[in-house]
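Every chain is numbered from 1, with letters handed out A, B, ... down the list of sequences.
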2 protein chains.
Amino acid sequence: MIRVLIADDHPVVRQGLRTFLDLQEDITVVGEAADGAEAVALADELVPDVLLLDLKMPVLDGLGALARLSGALPRVIVLTSVSDRSDVAPAMRAGAAGFLYKDVDPNALVQAVRAVHGGQVLLAPEAAEAMLAGANGSPTPMGPVTLTEREREVLALIAAGNSNREIARSLSVAEKTVKTHVSNVLMKLGVQDRTQAALYAVRHGLA
Amino acid sequence: MIRVLIADDHPVVRQGLRTFLDLQEDITVVGEAADGAEAVALADELVPDVLLLDLKMPVLDGLGALARLSGALPRVIVLTSVSDRSDVAPAMRAGAAGFLYKDVDPNALVQAVRAVHGGQVLLAPEAAEAMLAGANGSPTPMGPVTLTEREREVLALIAAGNSNREIARSLSVAEKTVKTHVSNVLMKLGVQDRTQAALYAVRHGLA
DNA sequence: ACGTTCCTTGGTCCTAGGTCCATATGCCCA
DNA sequence: TGGGCATATGGACCTAGGACCAAGGAACGT
């Protein structure tokens with residue numbers, strides 16, 4: 001039985017989701033929250049398997065709630081009404097396991113709940129597109145990113161928390177050079193800044 | 001038997017270290033490198049337990065070598081001649097397990113090799129001082145850093161790779177506010193920038 | 001009531017980080 | 001010999017990040 005918590009500031013939406021989800025024999029809605037703070041509190045209390053989270057909520061919005069969940073960790077599916085591309089990346093980075101738009105087919109939503117509960121990550125097509133092509137212009141050529149020796153070295157130092165100046169000193173090159181390498185690394189990894197690069201490195205064991 | 005690799009551009013130093021270390025019954029010097037590149041190559045080839053690494057070397061300096069070691073992972077003791085405080089932090093961040101000055105008592109060095117091999121981290125007193133008081137002015141009050149709710153939230157979002165602007169949007173506050181929180185977090189964690197904070201968060205499971 | 005902590009916002013100011021564009025060398029490969 | 005890649009560097013330029021300083025409101029405990 002998949003225990004689901006619904007967080008949405010719109011009562012009708014909650015009601016709709018609840019009744020439909022409760023019709024599924026393997027899903028049970030264990031609670032509803034009207035804002036982010038309540039969602040966090042209930043997540044702690046009810047320990048749901050999956051949290052359906054609206055992004056736009058009063059008091060504390062979805063992303064804020066996501067950030068606050070650190071530790072408890074239900075699987076979170078972000079359910080947003082407006083199809084604002086720019087919300088996708090931050091949400092996924094903050095630990096969401098799914099990203100869907102509210103116009104999603106109910107049956108697809110049920111599938112999503114099951115998939116996410118099973119450990120998968122699920123994105124609406126538009127969201128996936130936003131993630132891949134979105135922020136950076138490159139279509140993310142995929143594959144096991146190939147960095148040059150020098151770039152790997154620079155990345156390792158970034159992942160160690162060093163500044164460009166420190167890296168330049170370590171490698172005995174000009175800071176300008178380091179910047180160039182950093183830019184290339186960011187581009188290749190498809191991330192926006194050194195912090196994301198550092199996180200990428202540790203997560204992928206490149207550090 | 002602790003297998004040690006020595007990396008120093010000064011032949012005399014290498015010779016001195018080798019003869020002394022080889023006198024120890026539980027230590028054997030398996031190789032010598034005259035520069036960083038050679039050190040990396042030999043570390044790969046010989047898979048030593050401990051690497052004694054000079055910082056100032058031609059071709060590729062100690063820090064560069066440290067960065068390149070990613071993966072092989074011998075325990076590294078940085079052995080530096082000049083007592084330049086500013087080298088300590090970057091080296092430790094890059095993964096060094098020990099930091100000693102060359103005027104160290106030979107017996108203390110041997111102890112250090114054993115300690116580091118045993119998994120401990122060992123700093124020369126001056127180095128420890130540089131680490132603690134060094135970069136940041138605060139003496140690092142220690143203890144399990146106590147962040148406020150809001151600060152934890154901000155840190156979580158930093159650790160997710162979000163920018164101040166994105167964080168501000170998530171929490172529905174002004175970017176100025178976020179900056180203040182970030183500054184406070186950096187101060188409390190005793191780190192210099194958001195990248196280090198993010199790494200701290202993931203390593204300490206705060207993300 | 002009073003002080004403290006937390007959260008918030010504002011302002012200034014400087015530095016670090018990154019982008020874009022161009023260049024030069026060396027090397028390897030076709 | 002021409003082309004592509006890796007490396008290193010320069011300059012111009014803009015933005016994000018952070019430090020420092022100040023201050024007001026809310027909550028809470030004494």
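- If you measure from atom CG of B/Leu189 to atom P of D/dG18, you get 12 Å, rounded to the nearest angstrom.
- Between the P atom of C/dC21 and the CE atom of A/Met187 lies a distance of 13 Å, rounded to the nearest Å.
- For C/dC7, the OP1/OP2 oxygens have a side-chain nitrogen or oxygen of B/Thr148 closer than 4.0 Å.
- In this structure, A/Ser183 reaches the C/dT19 phosphate: one of its side-chain N or O atoms is under 4.0 Å from OP1 or OP2.
- Listed candidates were C/dC7, C/dA16, D/dA19. Nearest to the side chain of B/Leu186 is D/dA19.
- Of the candidate nucleotides C/dC7, C/dG18, D/dG18, D/dG18 has the atom nearest to the side chain of B/Asp193.
- Of the candidate nucleotides D/dG10, C/dG18, D/dG17, D/dG17 has the atom lying nearest to any side-chain atom of B/Ser163.
- Regarding A/Gln192, its CD atom lies at a distance of 12 Å from the C1' atom of C/dG18, rounded to whole Å.
- Under a 4.0 Å N-O distance rule, the pair B/Glu149/B/Arg152 qualifies as a salt bridge.
- Note on A/Arg150 versus A/Glu153: salt bridge recorded, some NZ/NE/NH1/NH2 to OD/OE distance being below 4.0 Å.
- Listed candidates were D/dG17, D/dT9, C/dT9. Nearest to the side chain of B/Val173 is C/dT9.
- Rounded to whole Å, atom C1' of C/dT19 lies 15 Å from atom CD of A/Glu175.
- Following rounding to the nearest Å, A/Arg150 (CZ) and C/dG26 (P) show an atom-to-atom distance of 17 Å.
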Would you check, one step at a time, whether the test side chain to side chain contact (heavy atoms under 4.5 Å, CB included) holds for A/Leu63 with B/Asn162?
CA-CA 11 Å; A/Leu63 269 190; B/Asn162 292 293; 5.5 Å; no

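- Annotation: of the two residues near DNA chain C, A/Arg165 and A/Asn184, the 5′-most nearest-nucleotide partner is A/Arg165.
- Regarding A/Lys176, its NZ atom lies at a distance of 15 Å from the P atom of C/dG18, rounded to whole Å.
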Let me see the working for B/Leu17 and B/Leu79 under side chain to side chain contact (heavy atoms under 4.5 Å, CB included), right down to the final yes or no.
CA-CA 11 Å; B/Leu17 289 173; B/Leu79 253 189; 3.9 Å; yes

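- How far CG of A/Leu157 is from CD of A/Glu166: 9.5 Å, rounded to the nearest 0.5 Å.
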As a quick check of understanding, evaluate side chain to side chain contact (heavy atoms under 4.5 Å, CB included) for B/Glu45 and B/Leu42, giving each step before the final call.
CA-CA 5 Å; B/Glu45 186 184 330; B/Leu42 285 179; 3.9 Å; yes

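- Comparing the start and finish of the helix from C/dA1-D/dT30 to C/dA30-D/dT1, five pairs each, the helix axis swings through 40°, to the nearest 10 degrees.
- Atom pair A/Lys179:NZ and C/dA16:C1' shows a separation of 7 Å (rounding to whole Å applied).
- Listed pair B/His181 / C/dT8 meets the phosphate criterion, a side-chain N or O lying under 4.0 Å from OP1 or OP2.
- Side-chain proximity of A/Arg194 to D/dG18, C/dG17, D/dG10: nearest is C/dG17.
- Looking at B/Arg75, its side chain does come within 3.5 Å of a backbone N or O of B/Val116 through a donor-acceptor pair.
- Between the CG atom of B/Leu171 and the C1' atom of C/dC6 there is a distance of 15 Å, rounded to whole Å.
- For A/Asn164 and C/dG17, the shortest distance from a side-chain N or O to OP1 or OP2 is below 4.0 Å.
- Relative to the side chain of A/Thr177, the nucleotides D/dA8, C/dG10, C/dG18 differ in distance, and D/dA8 lies closest.
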Walk me through whether A/Arg194 and B/Asp193 qualify under side chain to side chain contact (heavy atoms under 4.5 Å, CB included).
CA-CA 11 Å; A/Arg194 70 197 297 100; B/Asp193 54 53; 5.8 Å; no

